[in-house]
Structure formats: structure tokens, C-alpha cells
Amino acid sequence: MRRLSALTLLIASLGVISYLVFYYLNSRSTVSTDNAYIAGSITTISSQLDDIVMWVGADAGDFVTAGQVVVRLDGGTPKNRLDRAKSELANTVQRVAALKQRVQRQQAEVRQAQASYELARNEAQRRNQLAARGMVSKEERDIAVLRQREAQAALETAQQMLAEATIKAGPMTIAEHPKVQIAAAAVRGIFVEVNKGTIVSPVSGHIAKSLVSVGDTIKAGQPLLQLVQLDQTWVEANLKETQLQNLRLGQPVEIISDLYGEDVVYDGEVIGTGTGTGSAFALLPAQNATGNWLKIVQRVPVRIAFTGEQIRDHPLPLGTSLTVNIDTSFQDGPRLSTTPAAHSNDVSDVYDYWRAGAREMVETIINDNLPTAEGHRQPQQAAAKQFAAGQLVAKK
């Protein structure tokens, strides 16, 4: 009986010792904390204009896709400005076309002045020859010489006016003229403002908060909706500074949420460690150099990414409480990342609608206001371009 009791005690002692050894070894290779929460990017959808909200297409809790229209503004002011800018562009095209025509008119005036000068020069030469033989009076000869000088001055004036008209018209086509380019840029810019009156979601996600209602008068930059992508969240675990000694990037993590409990275990991986404690980035940082200093164990945020598919089947709202267990036995990874991030977020394609059709509209306005050789509109774009380049002349 005593031997049985001693054997039982020995087995129990070995079990306790084995558990303590396992716990000690396991605790050295595992870091755990329940000071962990779900974090994610909050996308704020705001207005680019001062306007009145006419339509709202999403509310809190709704799922929206990238490019989906969520708010429409009145847009009356930008539309009026666009109409004025289009009229100014058309007027500018016509004024530049007139400059091109003026060059041709000045060329004709130069040819006329050239002919008058040649006539006066020939007349003066004949009068000089006749005066040398005494066949005409000195007065007639002087009058002929003066007329030659007047014709020469008129020719020089016409040539200068032609040079001035050529500079104003420029060697480029009407569409490429600086004045037309400035007016066209104004049209395209206001065209973008008009399209900004239709506000879309830049990414797909759930509307977390709605800050706008129909009829609201809003300002540029004012937040309207806040959107969260629940499939692109991560864990922010706040570990004690005494737990960071063996922490490395790439270490596997076991994540348990208070929402689902131990029925759902998420897989994760350490992807970043904080570069400062929470108090270092606080609004009022601690002044540890004061005389009443009291040492407090600090916590450092550690970023953990979900690696499994559980987060898609069991999404977690932002701020949800978690418990994380990090396996620190893997020591091959660095403490901090030393390479630039390979991923990037680009939503420029979503906002292509701002400028879609702007250039085509400008080209249409320019082509519709290009005069033709016969003084009426000609639908052929090639003929319009030829006239803009000064290649067409009026038919006689």
C-alpha cells in the first residue's frame, strides 16, 4: 500500500515537473497579450466643391463598390462657368482665325505697295534722264523723286504691319495658338469641376458613418461619408517593452477575437513593430525628467497581418478586442523592415470620369468655329486644319 502511494506521488510529481518545464519553455517562445485590437484604413469621402447636396445614394451600413455614385451636388455654378468658358473658346478661335486672315490681307497690301513703289521708282528714273537733257523742268523731276520716296515709305510701313500681323497670328495652326490653348485649358478645368459634382466611392467597402443629408450646404473638403474595407484590416497589438526582446518580422501569430471566441482562430504574421511607444506620440508626451518620476512599463504597437481566409468568412469590425499569441521561436526575420513597401494604393482610374470627354469637347468647339475658304462651315476636319495652318486661300 505504501509502495502504491509512493508510486502515485512520484508520478504526480513527474507530471507537475513536466508541465512546469513545458510551460517554462513554451512561455519563453511565446508572447501573448489581450491588449490588441482590429485596425484598418478609414476612407473619408469629401466634396471638392462648395455646393448644395441634391441626392445621397448610400447610408451607414451600406456596401458600395469602387466608382459607385454616392452623392450628387447641384452643380449650377460650375455649369454656368463652363458655358461661359465654351463661348470664350469659340470667340478666341474666331479672333485667331481673323489674325490669320489679317496676315493674308497684309500680304496683299505689301504687294500693292511694292507695285506702287516700282511705278514711282521707274517714273523718277525717267524724269532724271529727261531732266539731264533739259527736256523736263527741275520741278517735275523733284516731284517724281518725292513720289518715289513716299511709295518707299508706304512699302516699308506695309512690310512692318505684315511682320506684326505674322507675329500675332503665329506660325502654328489655330488650334495650337497660345490664346486658343489658354481658352481650351480653361474649358477643360471647369469641365472637371462640373464632373466633381458627382461624387463616387474611391474603393469598395462598407459605409461606417454618414455625415451628410439631402439639402445640406457643404464646403470643399467637408467630410460626407466614412468608408471601411473590412477585408483589408490588420491587428494592432500593444506589447510590453519587456516582451519585444525576441520579436521578429515574419513570426506566426494565433489570433482569437472576443466576438467569435475560441470557435474561430485566425492565422496571422508579424509585419511591423512600432518605432516608438504610445506615450512618445501622445498629444502631451510624458516629462520623465521631472522630480516626481515614476517608472511605468511602456507598450509598443506591433502590426500583425491576417494570413488565412478566416477574416473573409468572419469579418471583424474596427476596434474589436483580440488576444494574440506570437510564436517567437522563429528568429530568421529582422527586427525592423529595411526594404521599401512593394504594394501601393492607386485609385486614379476611379476618377478618370472627371476628365473623360473634355478633350473631345474642346476639339469639337474649335472645329465648329474654324472658317472655311468659302466663308461657310465645312464638315471635313482636314479642310478646317488646312485653313488653320493658312494653307487655303479665297477662291476668286
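Not measured: the values here are computed from a predicted model.
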With a 3.5 Å distance limit and no angle check, can you tell me whether Asp51 reaches the backbone of Gly75 through a side-chain donor-acceptor pair?
yes
At their closest point, which heavy atom of Ala165 faces which heavy atom of Val103, and how far apart are they?
O-CG2, 3.4 Å
Taken in chain and number order and not counting sequence neighbours, the residues that satisfy side-chain hydrogen bond (donor to acceptor under 3.5 Å, both in side chains) with Arg127 are Glu123
Asp327-Ser329 side chain donor-acceptor pair, cut-off 3.5 Å
yes
Summary of salt bridge (Lys or Arg N to Asp or Glu O under 4.0 Å) pairs that have at least one residue in residues 58-84, sequence neighbours excluded
Arg81-Glu193
Any chance you could measure Ile326, atom CD1, to Ile304, atom CD1, to the nearest 0.5 Å?
4.5 Å
Side chain to side chain contact (heavy atoms under 4.5 Å, CB included) with Val56: of Val214, Val70, Ile199, only one passes, and it is Val214
List the atom of Ala60, the atom of Ala208, and the distance in Å for their closest heavy-atom pair.
CB-O, 4.2 Å
Can a donor-acceptor pair be found, under 3.5 Å and without considering hydrogens, that links the side chain of Asp50 to the backbone of Ala220?
yes
Tracing side-chain contacts under 4.5 Å among Ile, Leu, Val, Met, Phe, Trp and Tyr outward from Val265 reaches Ile256
Kindly compute the distance separating CG (Leu259) from OG (Ser257), expressed to the nearest 0.5 Å.
5.0 Å
Test: Arg147 and Glu150 ion pair at under 4.0 Å
no
When you group the ILVMFWY residues by side-chain heavy-atom contacts below 4.5 Å and let the links chain together, are Leu89 and Ile182 in the same group?
no
Please tabulate, one pair per line, all N/O donor-acceptor pairs under 3.5 Å involving side-chain atoms of residues 247-255, not counting sequence neighbours.
unit_1 : atom_1 : unit_2 : atom_2 : d
Arg248 : NH1    : Gln245 : O      : 3.3
Arg248 : NH2    : Gln331 : OE1    : 3.4
Gln251 : OE1    : Arg248 : N      : 3.1
Gln251 : NE2    : Asn246 : O      : 2.8
Gln251 : NE2    : Phe330 : O      : 2.8
Glu254 : OE1    : Asn325 : ND2    : 3.2

Tell me whether the count of non-hydrogen atoms from other residues, nucleotides or ligands lying under 6.0 Å of CZ in Arg359 goes above 12.
no
Under 3.5 Å: donor-acceptor pair, side chain of Gln159, backbone of Val110:
no
Counting only N and O atoms by type, is there a donor-acceptor contact under 3.5 Å from the side chain of Gln243 to the main-chain atoms of Lys240?
yes
Determine whether Ile174 and Val180 satisfy the following criterion, side-chain contact (heavy atoms from CB on, under 4.5 Å), listing intermediate values before the conclusion.
CA-CA 7 Å; Ile174 293 179; Val180 175; 4.3 Å; yes
Within the supplied structure, the quantity of interest is the number of heavy atoms (other residues, nucleotides, ligands) at a distance under 6.0 Å from Arg335 CZ; does it exceed 12?
yes
Exam field: side chain Gln222 to backbone Lys219, donor-acceptor pair closer than 3.5 Å
yes
Pairs meeting criterion ring pair (Phe, Tyr, Trp, His ring centres under 6.0 Å) with involvement of residues 208-265, two or more places apart
Tyr260-His314
Taking atom OH of Tyr37 and atom CG of Leu318, what is their separation to the nearest 0.5 Å?
14.0 Å
Mind listing the closest non-hydrogen atom pair of Pro171 and Lys100 along with its distance?
C-NZ, 4.3 Å
Hey, does the side chain of Gln226 reach the backbone of Lys209 with a donor-acceptor pair shorter than 3.5 angstrom?
no
Is a donor on one side and an acceptor on the other found under 3.5 Å between the side chain of Gln181 and the backbone of Ala175?
yes
Could you list the residues that satisfy side-chain contact (heavy atoms from CB on, under 4.5 Å) with Gln152, not counting sequence neighbours?
Tyr117, Glu156
Of all heavy-atom pairs linking Pro301 and Glu236, the shortest is CB-CG, 4.1 Å
Closest contact, heavy atoms only, Tyr353 versus Val350:
CD2-O, 3.2 Å
For the side chain of Asn369 and the backbone of Ile365, is there at least one donor-acceptor N/O pair under 3.5 Å apart?
yes
Using a 6.0 Å cut-off, check whether atom CD of Glu262 has over 12 heavy atoms from anything other than its own residue.
no
So CD1 of Ile167 and CG of Leu162: to nearest 0.5 Å the spacing works out to 10.0 Å
Whether Asn367 side chain and Glu363 backbone form a donor-acceptor pair below 3.5 Å
yes
Search all heavy atoms of Arg121 against all heavy atoms of Gln148 and return the closest pair with its distance.
CG-NE2, 3.5 Å
Steps toward side-chain hydrogen bond (donor to acceptor under 3.5 Å, both in side chains) verdict (Gln114, Glu118):
CA-CA 6 Å; Gln114 180 70 33; Glu118 292 176 355; 3.1 Å; yes
